[in-house]
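Each remark here refers to the structure printed beneath this line.
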Amino acid sequence: MSIELQLKNKVLEALQQMYGQVVDPESIQIQKTRKDFVGDYTLVVFPLLKISKKPPEQTATEIGEYIKKNIDDISEFNVIKGFLNLTLNNNFWLSFLNSVGQKKDYGYIINKEKPNIVLVEYSSPNTNKPLHLGHIRNNLLGYSVAKIIASQGDKVIKVNLVNDRGIHICKSMLAWQKWGNGITPEKAGKKGDHLVGDFYVKFDQEYKKQIDELIQKGISEEEAKKNAPLIIEAQEMLRKWEAKDETTIGLWKEMNSWVLKGFDITYKNLGIDFDKIYFESDTYKLGKEIVLKGIEKGVFLKKDDGSVWVDLTEEGLDQKLLLRADGTSVYITQDIGTAHQRFADFNADELIYVVGNEQNYHFQVLKLIMNKLGYSFSEYLFHLSYGMVELPEGKMKSREGTVVDADDLMDEMIHTAEEMSKELGKLDEYSEAERIQINRTIGLGALKYFILKVDPKKNMTFDPKESIDFNGNTGPFIQYTYARIVSLTKKAQARNSITPNKIKTDITATNKELQLIKQIHSYPEILFDASETLSPAIVANFVYDLAKEYNQFYHDHPILNEVDENISLFRLFLSQQIGKIIQSGMNLLGIDVPERM
RNA sequence: GGCCCCAUAGUUCAAUGGAUAGAACGGAAGUUUCCUAAACUUUAAAUCCAAGUUCGAUUCUUGGUGGGGCUACCA
């Protein structure tokens with residue numbers, strides 16, 4: 001039983017014994033004592049005054065005395081206003097630390113009785129242009145959330161849904177046909193996704209020119225957009241694609257393969273992966289059948305022109321199109337199909353979509369539709385909606401060339417790490433290969449941490465020049481702390497081959513040391529919270545706080561140089577447990593930690 | 001117009017309804033015969049406004065203000 005629960009039960013017992021009342025356990029508030037007060041756990045007594053019918057101080061004192069008498073681990077207590085601060089003895093914390101040392105995956109839930117099967121969909125790129133900063137947030141969030149959920153004992157399946165069909169794909173294809181001169185990624189010496197992206201941009205430029213020309217001739221902008229020859233050609237190409245025209249399909253396959261190869265490299269560099277990849281070109285027709293059945297059931301309505309709609313006005317929304325008049329599917333149709341498919345494929349209990357908040361409405365609608373169709377899993381569809389990544393100048397706009405490319409950004413970060421370590425002379429003695437490895441770890445660590453430390457639902461500003469730092473609340477700060485601990489361990493081993501796997505519990509620990517142990521103590525609940533709220537930011541901030549606290553400890557506590565051997569061993573042991581947790585927490589964020597830096 | 005999200009130091013981020021709102025960057029001033037100074041110490045600086053619920057509100061409710069998003073036979 002956790003100490004919090006023990007305390008709570010004792011308080012309930014005390015209230016019954018002393019005031020003769022059974023109270024709602026909800027009204028017992030046990031929380032961690034704030035740092036600037038003496039104590040480990042605090043009972044807020046204000047809600048209990050009705051029962052005790054005594055002033056706060058007196059109530060708190062009476063409960064405190066009862067608890068001290070009845071729980072051995074409580075060594076003392078103090079009362080400040082309506083707060084009862086309880087202190088646990090050294091022995092409790094040191095024994096606890098020993099127990100952490102025994103565990104391999106401290107904080108994880110290993111054998112959950114009924115693990116849920118959770119699908120996490122993330123990334124979901126379009127195959128017409130390379131990945132950018134927005135995708136990076138998406139990928140990092142999805143990957144981390146998947147790991148965090150898995151740490152709590154559930155079975156997680158990571159899936160990607162590649163958007164590989166549609167008018168936007170045809171635009172790149174058409175531009176390549178017209179202006180590509182048969183170029184390939186090999187000939188151009190360029191990643192395939194970037195090459196295809198160039199043609200997407202080219203299309204847009206030429207399209208714009210045509211629109212301007214038409215406007216000059218006195219045609220309205222709206223008409224010009226619809227009638228520019230290029231867009232008509234692109235639409236024609238889409239029709240050919242849907243009709244399975246051989247040359248169109250051929251080109252489509254080739255260009256898509258270029259892009260996908262490029263994505264693979266980006267994913268690999270980012271350090272993320274998937275268990276299953278769905279292609280929209282395979283799944284886009286799945287939903288149509290379900291929608292047609294829905295009409296029979298009377299869930300959807302068919303208009304005179306043949307288009308199919310769902311009426312969500314009763315739910316406070318509008319009508320939403322599900323099938324076009326010509327019978328073709330739209331975006332949400334496909335999602336209806338894939339949701340059905342996935343629950344069937346994996347017997348899933350829950351499906352989490354990591355998708356930007358501009359699609360909040362889309363997922364609200366999707367959930368309602370699945371519900372109307374009678375799918376019981378509709379309540380287990382969860383949209384992990386994250387905020388936009390903005391630049392200091394505002395939103396990224398591909399047309400204005402202000403998009404921050406994913407590959408470039410990673411390169412830049414690694415390069416910055418390289419310059420920093422060169423400047424500091426940190427890696428001078430290491431081999432070229434080691435330097436590359438370490439700089440990579442640090443550069444990517446900085447990027448990933450910077451993005452993941454922010455609450456997912458919030459918009460965030462990303463300043464490519466200034467925002468990424470290697471000091472303060474950053475990935476490298478945490479990595480550095482880890483490297484120091486590894487270094488300590490190695491030195492200890494060199495001096496003395498015995499590494500402690502247990503410490504004495506009768507040592508007097510300093511406040512800072514106790515503070516660190518308490519932070520370790522809260523790791524499991526941090527992981528639980530992060531998993532419940534799907535927020536890697538909680539883990540990120542926890543690891544930072546731990547590292548910060550450790551650095552302070554490191555600064556003014558001799559460890560290997562401590563003369564008292566028992567204390568020295570204790571500090572080393574404590575350091576190692578903290579190293580373990582830093583590694584564990586960073587791993588859940590998808591961030592590597594270096595052995596040295 | 002309708003719906004959703006956000007608002008905290010100059011900047012970027014924290015805070016299950018609890019005590020004196022925490023960090024970091026930037027600013028100012030310091031620490032190295034000592035286990036990695038990518039570290040540590042000191043310092044100034046903030047809850048958008050107004051009501052309400054509560055013993056207690058940054059947190060919950062309502063209304064305003066400001067910012068963002070969605071509201072396509074696009075994805």
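The basis for the numbers below is simple: all heavy atoms, side chains too, and nothing from hydrogens, waters or symmetry mates. Letters go in sequence order (proteins before strands), and every chain restarts at 1.
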| said: With the six-membered base ring of B/G56 as reference, does the ring of A/Phe46 sit under 5.5 Å away with planes under 30° apart? | reply: no
| message | Is A/Tyr554 stacked against the base of B/A39, taking the criterion as centroid distance under 5.5 angstrom and interplanar angle under 30°? | response | no
| side chain to side chain contact (heavy atoms under 4.5 Å, CB included) with A/Asp40: which of A/Lys518, A/His521, A/Lys32? | A/Lys518
| query | Checking side chain to side chain contact (heavy atoms under 4.5 Å, CB included) against A/Ser27, which of A/Val44, A/Val11, A/Leu48 comes through? | reply | A/Leu48
Calculate the interatomic distance between [X] atom [atom1] and [N] atom [atom2]; express it in whole Å.
X	N	atom1	atom2	result
A/Gln359	B/A75	CD	C1'	7 Å
A/Lys226	B/C74	NZ	C1'	14 Å
A/Asn473	B/A23	CG	P	12 Å
A/Glu595	B/U36	CD	C1'	14 Å
A/Asp455	B/A15	CG	C1'	12 Å

| Looking at A/Lys458, does any N or O in its side chain come under 4.0 Å of the phosphate oxygens OP1/OP2 on B/A14? | yes
| message | Does a side-chain N or O of A/Ser487 approach OP1 or OP2 of B/U36 to a distance below 4.0 Å, or not? | response | yes
| message | So A/Tyr480, base contact, sugar-phosphate only, or nothing? Heavy-atom distance under 4.0 Å. | response | base
| query | How would you label the contact of A/Val330 with the nucleic acid (heavy atoms, under 4.0 Å): base, sugar-phosphate, or nothing? | reply | sugar-phosphate
Nearest to side-chain heavy atoms of [X], which nucleotide of [options]:
X	options	value
A/Thr33	B/C25, B/U16, B/A19	B/A19
A/Trp309	B/A39, B/C70, B/C73	B/C73
A/Ile167	B/G18, B/U36, B/C74	B/C74
A/Phe37	B/U20, B/G18, B/A39	B/U20
A/Lys548	B/A14, B/A24, B/G18	B/A24
A/Leu488	B/C73, B/U41, B/C35	B/C35
A/Arg324	B/G69, B/C13, B/A75	B/A75
A/Arg34	B/U20, B/G68, B/C13	B/U20

| query | Which whole number of Å gives the distance between the C1' atom of B/U12 and that of B/U8? | reply | 12 Å
| Does a donor on one side chain and an acceptor on the other come within less than 3.5 Å for A/Ser535 and A/Asp455? | no
| field | A/Ser123-A/His135 side chain donor-acceptor pair, cut-off 3.5 Å | value | no
| task | Mind telling me whether A/Phe363 and A/Tyr353 have parallel, tilted or perpendicular rings, with 30° and 60° as the class edges? | result | tilted
| query | When the nearest nucleotide of RNA chain B is assigned to A/Leu427 and to A/Lys457 on a heavy-atom basis, which residue is associated with the more 5' position? | reply | A/Lys457
| message | Need the pair for B/C40. Rule: Watson-Crick or G-U wobble, both distances under 3.5 Å, any strand; none if unpaired. | response | B/G30
| said: Can you tell me the base-pairing partner of B/C35? Count Watson-Crick or G-U wobble geometry only, both distances below 3.5 Å, and say none if there is no partner. | reply: none
| Taking the six-membered ring of A/Tyr386 as reference, does the NZ or CZ atom of A/Arg137 fall below 6.0 Å from its centre and within a 45° cone about the axis? | no
| Check: B/U41 base within 3.5 Å donor-acceptor of A/Gln552 side chain | no
